[in-house]
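Just so it is clear, the model here is predicted, and its values are computed rather than measured. A, B, ... follow the sequence lines: proteins, then strands. Residue 1 opens every chain.
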Amino acid sequence: METVIAENLLLSREAMAKRVAQELQAGWVVNLGIGMPVLTTKYVGADQGVIVHSENGIIGMGPPPREGEEDDDVRNAGNEPTTLALGAALVHQADSFSLARGGRLNCAVLGGFQVSTSGDLANWRLPKNPTGNIGGAMDIASGANEVFAMMSHLTKQGEPKLVEELTYPVTTLACVTKIFTDIAVITVTGEGFVLEEVASGVGVEQVKACTAAPLLVSDALQDIPM
Amino acid sequence: METVIAENLLLSREAMAKRVAQELQAGWVVNLGIGMPVLTTKYVGADQGVIVHSENGIIGMGPPPREGEEDDDVRNAGNEPTTLALGAALVHQADSFSLARGGRLNCAVLGGFQVSTSGDLANWRLPKNPTGNIGGAMDIASGANEVFAMMSHLTKQGEPKLVEELTYPVTTLACVTKIFTDIAVITVTGEGFVLEEVASGVGVEQVKACTAAPLLVSDALQDIPM
Amino acid sequence: MEVGSKKALDIPSALGAVKDGDVIFFGGFGSNGNPSALIEGLSKTNLKNLTVVNNGGGSDDSGLGSLLESGAIAKIICSFPYERDSVIFRDLFQAGKIELELVPQGTLAERIRNAGAGLGGFLTKTGLGTEVAQGKQEIEVGGELYILEKPLRADVALLRADTVDTRGNLTYRGSARNFNPVMAMAARHTIVQASKEVALGETEPGVIVTPGIYVDQYVISGGGSI
Amino acid sequence: MEVGSKKALDIPSALGAVKDGDVIFFGGFGSNGNPSALIEGLSKTNLKNLTVVNNGGGSDDSGLGSLLESGAIAKIICSFPYERDSVIFRDLFQAGKIELELVPQGTLAERIRNAGAGLGGFLTKTGLGTEVAQGKQEIEVGGELYILEKPLRADVALLRADTVDTRGNLTYRGSARNFNPVMAMAARHTIVQASKEVALGETEPGVIVTPGIYVDQYVISGGGSI
């Protein structure tokens, strides 16, 4: 049942980044994790009023540079070339994490291995591995007012990533407020997962089948706007 | 016996500042407390290789400005106009005290109400007063590698300030390494006070009479060089 | 006032964010870097029961002096209560009409910075064996004894800067920096009195000292410390 | 090399300060702000049993990769051990030939800053309820639970800056700032690889990010991150 969704119905990484970008509100300070989340910078409008924080000390990160315009000293948290938006400020690592822990992030968008119904996030170590990459995720997920998990709905092996209880090592307890996957947008509430949006052509029962926890359906359920 | 020393034999504040300035070694980072200690900036040569720290965030404080050349935004820790020496850096208050506590001060020169034979310093509250000014003294005296107490040998009431045990509230325990008074220079050792220098015209017995603790006399005893 | 700017209409409207019973940071060190126009504005309101965090107890001719005289302040948290000419504070304190929390200056700066950094406290040697340690938890780390000091946050910060852009990015002049940057990080609402307004992007990202995300409103008033 | 300058004769002579068994900070975040020439120099020595503090585990084509391969490193303290292409670290770790201390990135930056600030530790929520909290003291402050994290200092810091003056005052470019300023504060001996040498006084005191008192020696090498 898990793998019944046709490949062509799954949102691409770019489509997921576009959807997350729509969610970022004017005036927000937002941290975008490495990998898929940071793709979102491509779709955040310069006039959207969002300030992007990069854990390596940028407050006001812009979109990726055009080819040939890379500056070796301006990198994102994935060590990829990036740009500074108008009005950016630069700080050192301790000040950067002061911001993150200090309640100044309206939102963080992080990748995820698993999210539980209570919003626990696992994203740093696979159980089979002896160690993994914590990076800034524990500090950022602890400090941000809202945490969006941005991830495929299933693992490569077809296992659901939305679960009742984590079976992977925890990054931060009770932090995730919303989940953006390649087939759905789901809110994390006191009463468990609530399906808000589905990818066009995907059925509610399919999403339920791909989710290893009870999934309520919002009265306002809609297709993911593209 | 305490007040037998003729007024004209006492070192002036300026003379004490000159003597302290001689003590500051090339390469040292030195904090000068408000009041008498900060007068020392007048006598630290620009080529002496000493970097003066002011607790309000100056690393590399210069001498007082010439009249008419004061900058309202460049003040010392006593809120008096000062100058920035060539190569100065400015930091905020938390970074300024990181330096002080972090072992970066080779020396601090502080005023004193009392110093004990074990180097305990009292300089923030008179016992009769309900409160007093701590300022930066506790942090600086805890953090500096050496603490010089710079003070009159006797209180205005003629009481000795060098004592066996403090009777005033302590600022920092076991911190003072050397004492510069208006009649003597005294080192604080594991074996108590040792008289190293006396003001010209003042006798060793007079210094002993003005000191409420055993006072050893250095084999190399000399007049305070002027 | 351009669209999206954090510039306040005037001082009274900026101060509308302050409520009875608030804890308020005053930036500055004596008059140096002190937001005198904002504090003067505050003394014209009918606010009551304020707790003020300021390095000193306020000279009589300062804004803090007027505010003390008006009876608006229930408590002062500071390191240096008896500034030159601070008769108003002294009289109120001795009459039992104002509460005082005396904090060593480095501990004060660090408690503010610790709050801004989203932490729960820190261990310091400053104050060990003194009155400052009374009632505080002592913790041993690596065979050394420390005092546990707790974060200090505020409802509102009134700060002084040199330049400000429309997003609130700040620079400071000379030693007027002092407490201002750490206070900006640790207040729920920050109001800045700046000397000069500059266009967004005019200050190099690496030269900004306080990122605009820490600033809620600003007014332009005068130049230099008063 | 002018008189009184901290400029080293060359990289090998600067690295003469490093000893077997030292704890060494490497500035940078990936290649961004990483002192590649100094680390390459280190890989040509016969030093043994080093502990390296670096944000990541080192890509194979980085200086850290060569150093790992040479067997000089006994332990790595980092937040992100598996950087893109970090096969050397992975193999050594899985073979039990290198010790790893995994630290969340904000905690890592703060532990270094805490050491530089002369403190004995701090309380953070980061890592609560995770593997990171194992074996650490938990302390309640104001009804909230925190982990006690301890300061992290080094014998030597190898850092990367943009400009340096003869006294060692530093500025950084773009996001190459990252860990460098806090590491400078917390090492007994700091060696800097800077892109450009400037005259003493050429950098405005308010624009200097790392005051020269934290720098012991510097070399000039290249421009931009590699």
Side-chain angles (χ1 to χ4, degrees), chain A residues 34-35 54-59 61 70-84 88-103 120-122 124-126 129-143 166 168-175, chain D residues 27-34 55-57 59 78-84 90 93-94 100 102-114 116-117 124-132 160 162 172-185 195 209-210 223-226:
Chain A
I34 61 175
S54 187
E55 66 188 15
N56 55 330
I58 302 173
I59 303 172
M61 184 163 70
E70 297 86 355
D71 180 331
D72 272 344
D73 283 334
V74 180
R75 304 285 187 107
N76 68 21
N79 202 22
E80 299 156 334
T82 187
T83 56
L84 303 180
L90 296 163
V91 297
H92 64 53
Q93 210 74 12
D95 281 350
S96 179
F97 279 89
S98 291
L99 181 166
R101 281 185 313 255
D120 300 345
L121 174 68
W124 76 273
R125 178 167 80 76
L126 298 172
N129 287 349
T131 191
N133 289 325
I134 294 177
M138 283 190 184
D139 303 276
I140 290 166
S142 308
L166 298 185
Y168 288 22
V170 64
T171 297
T172 301
L173 297 171
C175 63
Chain D
F29 190 97
S31 65
N32 192 200
N34 189 242
N55 184 57
S59 294
C78 73
S79 84
F80 204 86
Y82 298 150
E83 293 189 77
R84 208 174 305 168
R90 194 181 306 242
F93 181 66
Q94 288 179 352
L100 169 69
L102 189 64
V103 183
Q105 194 179 122
T107 296
L108 183 63
E110 189 67 17
R111 286 179 63 195
I112 297 167
R113 191 259 170 203
N114 193 265
T124 182
K125 286 184 179 296
T126 300
L128 267 182
T130 76
E131 292 180 17
V132 162
R160 179 67 184 256
D162 184 38
Y172 304 91
R173 256 197 98 235
S175 54
R177 184 180 301 205
N178 57 61
F179 279 94
N180 288 294
V182 287
M183 287 179 166
M185 292 168 65
S195 301
V209 176
T210 294
S225 299
I226 295 163

**Message:** With chain A as the partner, which of D/Glu131, D/Arg84, D/Glu83 has the greatest number of non-hydrogen pairs under 4.5 Å?
**Reply:**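 Heavy-atom pairs under 4.5 Å are most numerous for D/Glu131.
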**Asked** Quick one: of D/Gly129, D/Ser79, D/Ala109, D/Gly56, who has the most non-hydrogen atom pairs under 4.5 Å with chain A?
**Response** D/Ser79
Can you tell which of [options] has the highest number of heavy-atom pairs within less than 4.5 Å of chain D?
options                               : answer
A/Pro169, A/Gly132, A/Ala88           : A/Gly132
A/Thr131, A/Thr171, A/Ile58, A/Val170 : A/Thr131
A/Ser54, A/Pro130, A/Gly135           : A/Gly135
A/Ser96, A/Gly57, A/Ala77             : A/Ala77

Quick one: [atom1] on [X] to [atom2] on [Y], what's the gap to the nearest 0.5 Å?
X        : Y        : atom1 : atom2 : answer
A/Asn79  : D/Phe80  : CG    : CZ    : 10.5 Å
D/Thr124 : A/Arg101 : OG1   : CZ    : 5.0 Å
A/Asn76  : D/Asn32  : CG    : CG    : 9.5 Å

**Item:** Electrostatic pair D/Arg173-A/Asp71, nearest N-O below 4.0 angstrom
**Value:** yes
Can you see which heavy atom on [X] is nearest to which on [Y], and at what distance?
X        : Y        : value
A/His92  : D/Asn178 : CB-O, 3.4 Å
A/Ala94  : D/Glu110 : CB-OE1, 4.2 Å
A/Asp139 : D/Pro104 : OD2-CB, 3.5 Å

Test item: [X] and [Y] side chains (from C-beta on) under 4.5 Å apart, heavy atoms:
X        : Y        : answer
A/Trp124 : D/Val132 : no
A/Ile134 : D/Leu102 : yes
D/Thr107 : A/Phe97  : no

Does any backbone or side-chain atom of [X] lie under 4.5 Å from a heavy atom of chain D? Answer side chain, backbone, both or neither.
X        : answer
A/Ala100 : neither
A/Thr82  : neither
A/Leu166 : neither
A/Leu90  : both

**Message:** Could you check whether any side-chain N or O of A/Arg75 sits under 3.5 Å from a backbone N or O of D/Ser31, counting only pairs where one atom can act as donor and the other as acceptor?
**Reply:** no
**Request:** Examine distances only and state if a side-chain atom of D/Ser175 and a backbone atom of A/Asp73 form a donor-acceptor pair shorter than 3.5 Å.
**Result:**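 It does hold such a pair.
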**Message:** Heavy-atom cut-off 4.5 Å, strictly under: side chain, backbone, both or neither for D/Leu100 against chain A?
**Reply:** side chain
**Message:** Can you tell me which portion of D/Tyr172 sits under 4.5 Å from chain A's heavy atoms? Options are side chain, backbone, both or neither.
**Reply:**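 Contact with chain A: none, neither part.
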**Request:** Go through the steps to decide whether D/Met183 and A/Gln93 satisfy the test side chain to side chain contact (heavy atoms under 4.5 Å, CB included), and finish with yes or no.
**Result:** CA-CA 10 Å; D/Met183 287 179 166; A/Gln93 210 74 12; over 6 Å; no
